[in-house]
Amino acid sequence: GLPFIKMEFVEGNSLSRWLQEAPDQLMPWRLASELTRQLAEALTYAHETVKIVHRDIKPGNLLLAGATVVKLSDFGLAQSLRGAAAHERGLPGTGTLWYASPQQLAGDPPTPADDIYSMGATLYELLTGTPPFESTAPDTLLHQVQYVAVEPIPLRLGKLKRHNDVPTKMLNLVHRCLDKDPDCRPKTHEIVRWLPTFAQE
């Protein structure tokens, strides 16, 4: 008679833990591309079928089940895109500052573009080993996310003395996901279609 929640047990590390243990603390771009494709498929279902926005996409909430399968976890901050809930402002919980979109940090109503930004920030970290913006001062980080251009991935890798031969199309995709303007970010179904073609570059 008591209510309960049944959850899948995923025997594997989060991507955050994976990065900590990986050589140079980054992920080879081909693996990052495949995991991002799976994440984009999951978000397409969430946005278009279930009508929710996750609002906390980050490496710590992505679990590796096996070598090349990723599971999206922790929907504790998810918000509905249906009805009045999608029009409320100032909802509690803004996600994790290093991955939240400018609009999410400003308290705007949730949209799929917020998850696209967070996915871009996550992919940036997988490819470089660092999030797009790294300040530990919240006010500085808020300013950077809202107004400062993201450092190009090749430049960040060069500063860190790391190597990841990321194709140009994938570099462009990451920066499009991180665009300050939500209307300039790609849709998840577009990302699903594009990513497999990058290996052919």
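Along the sequence shown, residues are numbered consecutively beginning with 1.
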Give the minimum heavy-atom separation between Thr122 and Lys58, together with the two atoms involved.
OG1-CA, 3.3 Å
If every non-hydrogen atom of Gly120 is compared with every non-hydrogen atom of Cys177, which pair is closest and at what distance?
CA-CB, 3.7 Å
Rounding to 0.5 Å, atoms CG (Leu63) and CG (Leu72) come to a distance of 8.5 Å
Could you check if a side-chain atom of Ser118 sits within less than 4.5 angstrom of a side-chain atom of Thr96, using non-hydrogen atoms only?
no
Would a hydrophobic clustering, with Ile, Leu, Val, Met, Phe, Trp and Tyr connected at side-chain separations under 4.5 Å, put Val148 with Tyr124?
yes
Without swapping roles, check the side chain of Asn61 against the backbone of Asp56 for a donor-acceptor pair under 3.5 Å.
yes
dist Gln79:CD -> Gln104:CD (nearest 0.5 Å) comes out at 9.5 Å
Given the rule that I, L, V, M, F, W and Y join up when any side-chain heavy atoms are under 4.5 Å apart, are Ile116 and Tyr45 in one cluster?
yes
For Leu35 and Leu64: C-alpha separation, side-chain torsions, deciding distance, then whether side-chain contact (heavy atoms from CB on, under 4.5 Å) applies.
CA-CA 9 Å; Leu35 299 183; Leu64 264 183; 4.0 Å; yes
Shortest non-hydrogen contact from Ala32 toward Leu127
CB-CD2, 3.8 Å
Is any NZ, NE, NH1 or NH2 atom of the basic residue among Glu41 and Arg37 found under 4.0 Å from an Asp or Glu carboxylate oxygen of the other?
yes
I'd like to know if Val69 and Ile57 are part of one continuous hydrophobic network [Ile/Leu/Val/Met/Phe/Trp/Tyr, side-chain heavy atoms within less than 4.5 Å].
no
Give me the atom names and distance for the closest heavy-atom approach of Ser101 to Arg185.
CB-NH1, 4.0 Å
Would you say Lys71 has more than 12 foreign heavy atoms packed within less than 6.0 Å of its NZ?
no
Measure the CE-CZ distance between Met170 and Arg30 for me, rounded to the nearest 0.5 Å.
10.5 Å
Donor-acceptor under 3.5 Å (Gln103 side chain, Lys180 main chain):
yes
Just wondering, more than 12 heavy atoms not from Arg193 lying within 6.0 Å of its CZ?
yes
State whether the side chain of Asp181 and the backbone N or O of Asp183 hold a donor-acceptor pair below 3.5 Å, judged by distance alone.
yes
For Asp115, which of His54, His47, Arg55 qualifies under side-chain hydrogen bond (donor to acceptor under 3.5 Å, both in side chains)?
His47
Membership question, hydrophobic clusters at under 4.5 Å side-chain separation (ILVMFWY): are Val150 and Leu105 in the same one?
yes
Would Ile191 and Met119 satisfy side-chain contact (heavy atoms from CB on, under 4.5 Å), going step by step from the backbone distance to the final call?
CA-CA 11 Å; Ile191 296 171; Met119 182 168 61; 3.3 Å; yes
Can you measure from CG (Leu157) to CG (Leu26) and round to the nearest 0.5 angstrom?
6.5 Å
Is the backbone of Val70 close enough, under 3.5 Å, to the side chain of Gln38 for a donor and an acceptor to pair up by distance?
yes
Heavy-atom nearest pair, Ala100 first then Tyr117, reads O-CE2, 3.2 Å
Verify whether one side chain among Glu125 and Tyr99 offers a donor that lies under 3.5 Å from an acceptor in the other.
yes
To the nearest 0.5 angstrom, please state how far the OG atom of Ser135 sits from the CG atom of Leu141.
6.0 Å
Leu31 reachable from Leu171 in the ILVMFWY side-chain graph, under 4.5 Å edges:
yes
Tell me, with the steps shown, if Met27 and Leu15 meet side-chain contact (heavy atoms from CB on, under 4.5 Å).
CA-CA 9 Å; Met27 180 175 284; Leu15 294 192; 4.2 Å; yes
Just by modelled atom types, is the Pro132 backbone N or O under 3.5 Å from a matching donor or acceptor in the Arg156 side chain?
yes
Using only heavy-atom distances, determine whether the side chains of Ser16 and Ser14 contain a donor-acceptor pair under 3.5 Å.
no
Side-chain donor/acceptor of Lys161 to backbone N/O of Gly158, under 3.5 Å:
no
Measure the CD-NZ distance between Glu151 and Lys159 for me, rounded to the nearest 0.5 Å.
3.5 Å
Verify, without hydrogens or angle tests, whether Thr140 (side chain) and Thr136 (backbone) share a donor-acceptor contact under 3.5 angstrom.
no
For a quick test of reading the model, state the closest non-hydrogen atom pair linking Thr130 to Thr128 and the distance between them.
O-OG1, 2.9 Å
